[in-house]
2 protein chains.
Amino acid sequence: MTLADTAYDSLRRDIMRGHLPPGQPLRLEALRSRYDMGFSPLREALNRLQSERLVVSASMKGFIVAPLSLPEMWEAIEARVLVETEALRLSILRGDDVWEAGIVAALHALGRAAARGEPEALEARHAEFHLSLIAACGSGWLLDFARKLSAATERYRAPVLAGDTAPRDVQGEHAALAEAALARRADEAPALLAVHYRRTGERIAARMAA
Amino acid sequence: MTLADTAYDSLRRDIMRGHLPPGQPLRLEALRSRYDMGFSPLREALNRLQSERLVVSASMKGFIVAPLSLPEMWEAIEARVLVETEALRLSILRGDDVWEAGIVAALHALGRAAARGEPEALEARHAEFHLSLIAACGSGWLLDFARKLSAATERYRAPVLAGDTAPRDVQGEHAALAEAALARRADEAPALLAVHYRRTGERIAARMAA
DNA sequence: CACAAGAAAATTTTCGAAAATTTATGTTTA
DNA sequence: TAAACATAAATTTTCGAAAATTTTCTTGTG
């Protein structure tokens with residue numbers, strides 16, 4: 001792995017977890033000392049992150065962490081619903097034993113991570129579970145879009161998840177989702193997925209208003 | 001505009017037009033003399049193009065122009081159908097006078113370019129027409145995906161378009177599409193768009209087989 | 001005092017050399 | 001001859017200084 005790849009991973013994680021807050025200018029000299037590398041790999045990483053809308057840049061004025069807003073959250077969620085419902089439908093049509101096993105394994109790992117309560121790992125297992133559902137869709141483009149939208153929406157989820165008290169059986173939703181997918185219910189599973197994402201959006205919107 | 005932006009535009013155009021053929025290694029020294037600039041802006045451009053799947057790279061082995069294949073063409077076309085039919089549906093629901101005027105203008109310009117027969121301009125007007133249809137969808141993500149998929153599919157269209165003799169009233173299809181959109185027929189217009197893209201795919205597939 | 005003009009500082013962008021890595025070439029050995 | 005190994009060449013990646021640009025500060029002017 002090159003330094004540029006490391007820079008990409010580090011910056012991406014720090015932005016998704018909110019450690020680099022929305023709107024913050026990303027000064028090259030500051031990044032250089034923070035990540036301990038030269039300009040080149042950092043700039044290459046920033047250019048990649050720009051294509052994923054995690055950072056924005058203006059010509060000759062450098063990069064900033066992409067800002068957050070409720071309208072943009074809904075944009076990302078609705079795009080995600082469109083892409084992932086179709087990818088899930090395709091996966092249900094095309095998925096084989098390996099696909100099924102991947103879902104079972106990811107659901108199990110997600111449950112364990114949730115029980116342990118470590119947010120670091122939980123976040124990763126959650127993304128992996130949702131990816132496992134659509135892994136058999138057969139379209140690199142859809143998987144690509146899903147990955148980017150997952151990162152974009154995670155930025156809204158992470159800060160809210162911490163202080164969330166209202167009761168919601170998230171693991172139950174995940175289990176129902178997995179069951180519908182494994183039972184090849186090509187209409188029900190995508191519908192559940194859409195509800196799942198939109199419900200999360202409403203939860204976030206409610207807390208951001210307060 | 002920075003040099004990196006220029007490099008991005010130049011490389012993107014040369015790849016889309018096939019002037020840099022699929023699979024060709026993109027050696028930095030060669031690009032440096034071709035585009036007359038240093039390593040940095042070129043590498044930044046290549047990193048952006050990688051996110052758009054126009055180039056692929058392996059760690060420490062540099063970049064190559066992304067290869068073409070019939071399965072990947074269909075992947076791109078089907079993803080494009082998914083994204084643009086939804087974006088068109090949304091535009092029909094939300095579009096205002098400016099959106100309508102944009103379609104009329106783009107269709108007119110496309111017709112003129114087609115009559116003149118200059119492939120350079122025709123390609124640009126064609127992309128602009130399809131963009132104008134979905135311009136009012138209100139989702140930056142969908143517009144972004146559409147732009148990338150348009151570039152990906154254009155790579156297949158361009159080389160075939162040259163020697164295409166079989167009769168097809170493309171301008172008629174475009175006019176029908178514009179009319180259905182302007183008449184706010186939210187079911188018919190997306191259906192026409194899907195047929196339009198898939199028909200192009202079949203045309204290309206037929207010629208690539210031969 | 002508000003505002004423009006100019007200088008200084010901070011920052012981004014670009015360059016080409018140096019370091020790291022891969023690929024090609026040649027040599028030895030079984 | 002074929003495989004293993006060393007060596008050389010080619011290439012990518014990274015670095016830090018130099019150039020270009022923007023931002024901030026200072027000064028002068030109406």
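The basis for the numbers below is simple: all heavy atoms, side chains too, and nothing from hydrogens, waters or symmetry mates. Values in this document were obtained by computation on a predicted structure and should not be read as measured data. Below, chains carry the letters A, B, ... as their sequence lines are ordered, and counting in each starts from 1.
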For the residue pair B:Thr200 and B:Arg168, confirm or rule out a side-chain donor-acceptor distance under 3.5 Å. yes
With B:Glu52 as partner, the option from B:Arg155, B:Lys148, B:Arg12 fulfilling salt bridge (Lys or Arg N to Asp or Glu O under 4.0 Å) is B:Arg12
Name every residue in residues 29-52 of chain A that has at least one heavy atom under 4.0 Å from any atom of DNA chain D, in order of residue number, or write none if there are no such residues. A:Arg32, A:Met37, A:Gly38, A:Phe39, A:Ser40, A:Pro41
Please state whether the rings of A:His174 and A:Phe129 are parallel, tilted or perpendicular, taking 30° and 60° as the class boundaries. perpendicular
Nearest whole Å is fine: how far is C:dT11 C1' from A:Phe63 CZ? 13 Å
For the pair made of CD1 in A:Ile64 and P in D:dT23, what is the distance, rounded to whole Å? 12 Å
Protein-nucleotide distance (A:Gln24, atom CD; C:dT11, atom P), rounded to Å: 13 Å
Measure from the side-chain heavy atoms of A:Ala4 and tell me the nearest of C:dT14, D:dT14, D:dT23. D:dT14
Partners of A:Phe39 by ring pair (Phe, Tyr, Trp, His ring centres under 6.0 Å), sequence neighbours excluded? none
First encountered from the 5' end of DNA chain D, between A:Ser59 and B:Ser59: B:Ser59
Walk me through it: do A:Tyr197 and A:Glu202 pass the test side chain to side chain donor-acceptor pair (under 3.5 Å)? CA-CA 9 Å; A:Tyr197 286 145; A:Glu202 276 154 26; over 6 Å; no
Which atoms of nucleotides 5-9 of chain D (N or O only) lie under 3.5 Å from a protein N or O atom, and what are those distances?
none

Atom CG of A:Leu28 to atom C1' of C:dT13: distance rounded to whole Å? 9 Å
In whole angstroms, how far is the P atom of C:dA9 from the CZ atom of A:Arg27? 18 Å
For atom NZ of B:Lys61 and atom C1' of C:dT22, their distance in whole Å: 8 Å
I'd like to check the side-chain hydrogen bond (donor to acceptor under 3.5 Å, both in side chains) partners of B:Arg34; sequence neighbours left out, ordered by chain and number. B:Asp14, B:His19
For B:Ser10, enumerate each residue passing the side-chain hydrogen bond (donor to acceptor under 3.5 Å, both in side chains) test, keeping only those at least two apart in sequence or located in another chain. none
For A:Asp5, what residues pass the side-chain hydrogen bond (donor to acceptor under 3.5 Å, both in side chains) criterion, not counting sequence neighbours? A:Thr2, A:Arg48
Give a yes-or-no answer on whether the side chains of B:Thr153 and B:Arg80 include a donor-acceptor pair shorter than 3.5 Å. yes
